[in-house]
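Below is one structure, written out as structure tokens; the observations come after it.
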Amino acid sequence: MGGVLARDLVEISRDPSCLSDGGFWAISTTYEGELQAFKFASISDAPFSAAASSVEISGKWESSVSESQYLSYVEKIRTEIANGGVYQVNACRKLSIKSAATLDLAFIKILKSNPAPFASYLRFAELEIASASPELFLTRDGDRIKTSPIKGTKRSMTEKFGSKDRAENVMIVDLMRNDLGQICVPGSIAVPDLLRDENHPGLSHLVSDVTGTLRPEITWSEIFKALLPAGSISGAPKSAAKRIISELEPKPRGAYCGVLGWVHGDRAVLSVAIRTFWREGEFINFGTGAGITWSSNAQSEWDETQLKAERLISIVGGEL
């Protein structure tokens, strides 16, 4: 991730308290909150390379829900919003393809053709993840912490974000201010950059920064409890959005919409695991989604999920 290459695994843990030992840990959480941490002995800035393999991803990607089912999902969320129980929900679906390909080759292609700011690759035994995430979940430097939620997507910098995008972003900024308030010194929460138009390969996003100063003696367990899942991929209020997602999405999200990155003592870089491929048995998966508000048009939201998937699927292989 970001030029950091970790090798020589020495320990595995599912307990976030392990992160306080000062070592270098790669971590992956699921959207549902399950954590896996991997401690490595060798850290370098060596270039990433794929294993010698001629297996390419090919064939047809299948969606966990059809277009009509996704449109119905959006309308059910809009009904929940009309009833006053929630303001915004991130509605996702999973694409899957049966393939013997490993994701290291896919990651090489991502680095070349879609150099995302938080592109990451993690492999251990049956766990394999290749991510082209553009979104920062958290950076930590000592007691300073920052999160940069993305809400708002367009095809290019020449287009303009609409009022729906701006309102949605501000809602999630308020949610993240509240989440950081649970672990930060009172009065230290700030929004130094609001509604920034940020260009990424193939897409442009609306991004904001929320910062704070961590309370003394804060633990990683407390940080994850306060912040997971990320507001941008759940919704607001978070508790209501999580309930709706669990009721209406047919399959667990797993590694998609979790967190992926590294922790080294009181320093960390963790991304939101969107634009992410991961393996489950014989299948490679890719997640895509859109933020739903009262002003959402169901067909436009489906089209946004297609837009987010098309570029990366075209890079790694297979057809939508």
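Taking all atoms of both residues into account, the shortest heavy-atom contact from Ala298 to Leu71 is O-CD2, 3.2 Å.
With hydrogens and angles disregarded, a donor-acceptor distance shorter than 3.5 Å links the side chain of Lys154 to the backbone of Glu159. For Thr30 (side chain) and Glu32 (main-chain N/O), a donor-acceptor pair under 3.5 Å exists by modelled atom type. Between the Ser133 side chain and the Ala273 main chain, no donor and acceptor come within less than 3.5 Å of each other. Side-chain N or O atoms of Glu135 include one that pairs as donor or acceptor with a backbone N or O of Ile150 at under 3.5 Å. Here the side chain of Asn83 pairs no donor or acceptor atom with the backbone of Gly85 at under 3.5 angstrom. With hydrogens and angles ignored, the 3.5 Å screen pairs a side-chain donor or acceptor of Ser188 with a backbone N or O of Val185. The backbone N or O of Glu75 sits less than 3.5 Å from a side-chain atom of Thr79, completing a donor-acceptor pair. Of the possible polar contacts, none joining the Lys151 side chain to the Ile172 backbone as a donor-acceptor pair under 3.5 Å is found. A donor-acceptor contact shorter than 3.5 Å is absent between the side chain of Glu247 and the backbone of Ile244. With hydrogens and angles disregarded, a donor-acceptor distance shorter than 3.5 Å links the side chain of Lys60 to the backbone of Leu320.
For the atom pair CZ (Phe283) and CD1 (Ile97), the distance works out to 9.5 Å, reported to the nearest 0.5 Å. In this structure, Phe137 CZ and Cys257 SG are separated by 12.0 Å, a value rounded to the nearest 0.5 Å. Here Phe277 contributes atom CZ and Ile110 contributes atom CD1; the two are 5.5 Å apart, rounded to the nearest 0.5 Å. Atom OG of Ser296 and atom CD of Glu301 lie 3.5 Å apart (nearest 0.5 Å). Considering OG of Ser208 and CE of Met176, their distance stands at 11.5 Å, rounded to 0.5 Å.
For Glu34, the CD atom counts as loosely surrounded, since its 6.0 Å shell holds 12 or fewer non-hydrogen atoms of other residues, nucleotides or ligands. The number of heavy-atom neighbours closer than 6.0 Å to CZ of Arg123, taken from other residues, nucleotides and ligands shown, is 12 or below. Heavy atoms of other residues, nucleotides or ligands lying less than 6.0 angstrom from CZ of Arg166 number 12 at most. At most 12 non-hydrogen atoms from other residues, nucleotides or ligands lie less than 6.0 angstrom from CD of Glu319. No more than 12 heavy-atom neighbours from other residues, nucleotides or ligands sit within 6.0 angstrom of CZ on Arg177.
Looking at Arg144 and Asp141, no side-chain N of the basic residue comes within less than 4.0 Å of a carboxylate O on the acidic one, giving no salt bridge. Arg215 has no carboxylate O lying under 4.0 Å from a charged side-chain N of Asp143, or vice versa, which leaves the two without a salt bridge. Between Glu280 and Lys251 there is no salt bridge, since no side-chain nitrogen of the basic residue lies less than 4.0 Å from a carboxylate oxygen of the acidic one. Comment: Glu80 does not engage Lys76 in a salt bridge, judged by the lack of any side-chain N to carboxylate O separation of less than 4.0 angstrom. In this structure, Lys39 pairs ionically with Asp21, as a charged nitrogen and a carboxylate oxygen lie closer than 4.0 Å.
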Check: What's the verdict on side chain to side chain donor-acceptor pair (under 3.5 Å) for Ser64 and Arg93, showing C-alpha distance, side-chain angles and the deciding distance?
Finding: CA-CA 6 Å; Ser64 57; Arg93 60 190 178 97; over 6 Å; no
Next item on the list: Show your working on side chain to side chain donor-acceptor pair (under 3.5 Å) between Ser131 and Thr276 and close with a plain yes or no.
Entry: CA-CA 4 Å; Ser131 175; Thr276 294; 2.9 Å; yes
Next item on the list: List the steps, then state whether side chain to side chain donor-acceptor pair (under 3.5 Å) holds for Ser13 with Asp15.
Entry: CA-CA 6 Å; Ser13 179; Asp15 182 354; 5.5 Å; no
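Taking the centre and axis of the six-membered ring of Tyr256, the NZ or CZ atom of Lys94 falls outside the cone set by 45° and 6.0 Å. Figure legend: Arg267 and Trp262 shown without cation-pi pairing, the cationic atom not lying both under 6.0 angstrom from the six-membered ring centre and within 45 degrees of its axis.
If you run side-chain contact (heavy atoms from CB on, under 4.5 Å) between Phe118 and each of Val269, Leu260, Leu270, only Val269 comes through.
Ring orientation note: the planes of Phe40 and Phe38 are tilted relative to one another, at an angle of 30° to 60°. By the 30° and 60° cut-offs, the orientation of the rings of His264 relative to Phe24 is perpendicular.
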